[in-house]
Amino acid sequence: MDKKPCNSQDAEVRKGPWTMEEDLILINYIANHGEGVWNSLARSAGLKRTGKSCRLRWLNYLRPDVRRGNITPEEQLVIMELHAKWGNRWSKIAKHLPGRTDNEIKNYWRTRIQKHMKQAENFNGQISSSEHNDHQANTSQISGAVEAVESYSPPLSYPENLEGNSMSFPC
DNA sequence: AAGACGCCCAACCGCAGGATG
DNA sequence: ACATCCTGCGGTTGGGCGTCT
């Protein structure tokens, strides 16, 4: 959708990385007025950003309780468990990981876990011709929670991305 | 030492659904 | 009941940075 914008100042909308000044303006404004109604917030605060952009910046970066970096093995397990249950419902998964954002979890999944899955997939593809059941022995190569990736099973009923998630799980 | 390559993360885009007039 | 607006979500992309050759 994204219906036609309702004001005439769109030519001035800024895009790209946020500056420190913009961050400060947003933080101060929210500290004084609270969150909500992002479009008018953006305008009232004098930010030449869309409400969407302000919301994203606040939720993913500026919020005081946001934790960044260093996803723990425990968190990783939770992510995998919930992803197995719900599929790509990142915001839902994020609600179970206090301080983590859907964007972060999504990035984490794409960059780390999917990579490990591919590796595990290839690896199992190679060994499956010879032996099926002793791949536990190989999990020692993949330390900590990552080994759980190999035993990961996709949700039985992905709401909409059954075919999108075309990985085959060799377990 | 320099260029090529790959990874990671912040931010944008488009869509869907809910709220409101 | 309908049209419009706003918010939230998931997918995708571009750029910075580190590592490799």
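Just the heavy atoms: all of them, side chains too, but no hydrogens, waters or symmetry mates, feed the values below. Just so we're on the same page: letters track the sequence lines, and every chain starts at 1.
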Which pairs of donor and acceptor atoms, one on a side chain in residues 22-32 of chain A, lie under 3.5 Å apart (sequence neighbours left out)?
unit_1, atom_1, unit_2, atom_2, d
E22(A), OE1, R14(A), NH2, 3.4
E22(A), OE1, T19(A), N, 3.0
E22(A), OE1, T19(A), OG1, 3.4
E22(A), OE1, R49(A), NH2, 3.0
E22(A), OE2, R14(A), NE, 2.8
E22(A), OE2, R49(A), NE, 3.1
D23(A), OD1, R57(A), NE, 2.9
D23(A), OD1, R57(A), NH2, 3.4
D23(A), OD2, R57(A), NH2, 2.7
N28(A), ND2, L24(A), O, 3.2
N32(A), ND2, N28(A), O, 3.2

Check: Going by heavy atoms closer than 4.0 Å, what residues in residues 20-28 of chain A are next to DNA chain C?
Finding: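 The answer is none.
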
State, with a plain yes or no, whether a side-chain heavy atom of [X] is found less than 4.5 Å away from one of [Y].
X	Y	result
V37(A)	S40(A)	yes
V78(A)	E81(A)	no
W109(A)	Q76(A)	no

Any N/O pairs under 3.5 Å between the protein and nucleotides 6-8 of chain B? List them or say none.
unit_1, atom_1, unit_2, atom_2, d
dC8(B), OP1, R112(A), NE, 3.2
dC8(B), OP2, T111(A), O, 3.3

Using a cut-off of strictly less than 4.0 Å, decide whether [X] has a side-chain nitrogen or oxygen near OP1 or OP2 of [N].
X	N	result
R57(A)	dA11(B)	yes
S53(A)	dC12(B)	yes
R55(A)	dC6(C)	no

Next item on the list: Not counting sequence neighbours, which residues clear side-chain contact (heavy atoms from CB on, under 4.5 Å) with R67(A)? List them please.
Entry: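 E75(A), R100(A).
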
Margin query: Quick check for you: among dG10(C), dC6(C), dG14(B), whose closest atom lies nearest to any side-chain atom of W90(A)?
Written below: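 Within the option list, the nearest is dG10(C).
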
d([atom1], [X]; [atom2], [N]) in whole Å:
X	N	atom1	atom2	answer
L59(A)	dC9(C)	CG	C1'	12 Å
L41(A)	dG8(C)	CG	P	12 Å
N39(A)	dC6(C)	CG	P	5 Å
W38(A)	dC9(C)	CH2	C1'	15 Å
N60(A)	dC12(B)	CG	P	11 Å
K15(A)	dA10(B)	NZ	C1'	15 Å

Margin query: Which residues pass the salt bridge (charged side-chain N to carboxylate O under 4.0 Å, His left out) test with K95(A), not counting sequence neighbours?
Written below: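 With neighbours one apart ignored, the set is empty.
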
Checklist line | N107(A), N88(A), L97(A), N60(A) screened by side chain to side chain contact (heavy atoms under 4.5 Å, CB included) with D102(A), the one that passes | finding: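 The option that passes is N60(A).
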
Check: Counting only distance, no hydrogens or angles, is the base of dG10(C) paired donor-acceptor with the side chain of K92(A) under 3.5 Å?
Finding: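 It does not, because no donor-acceptor pair links the side chain of K92(A) to the base of dG10(C) below 3.5 Å.
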
Next item on the list: First locate atom CG of L82(A), then atom CH2 of W90(A), and finally report the distance between them rounded to the nearest 0.5 Å.
Entry: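 Interatomic distance, L82(A) CG to W90(A) CH2, rounded to 0.5 Å: 10.5 Å.
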
Set out, line by line, the N/O atom pairs under 3.5 Å between protein and nucleotides 12-17 of chain C.
none

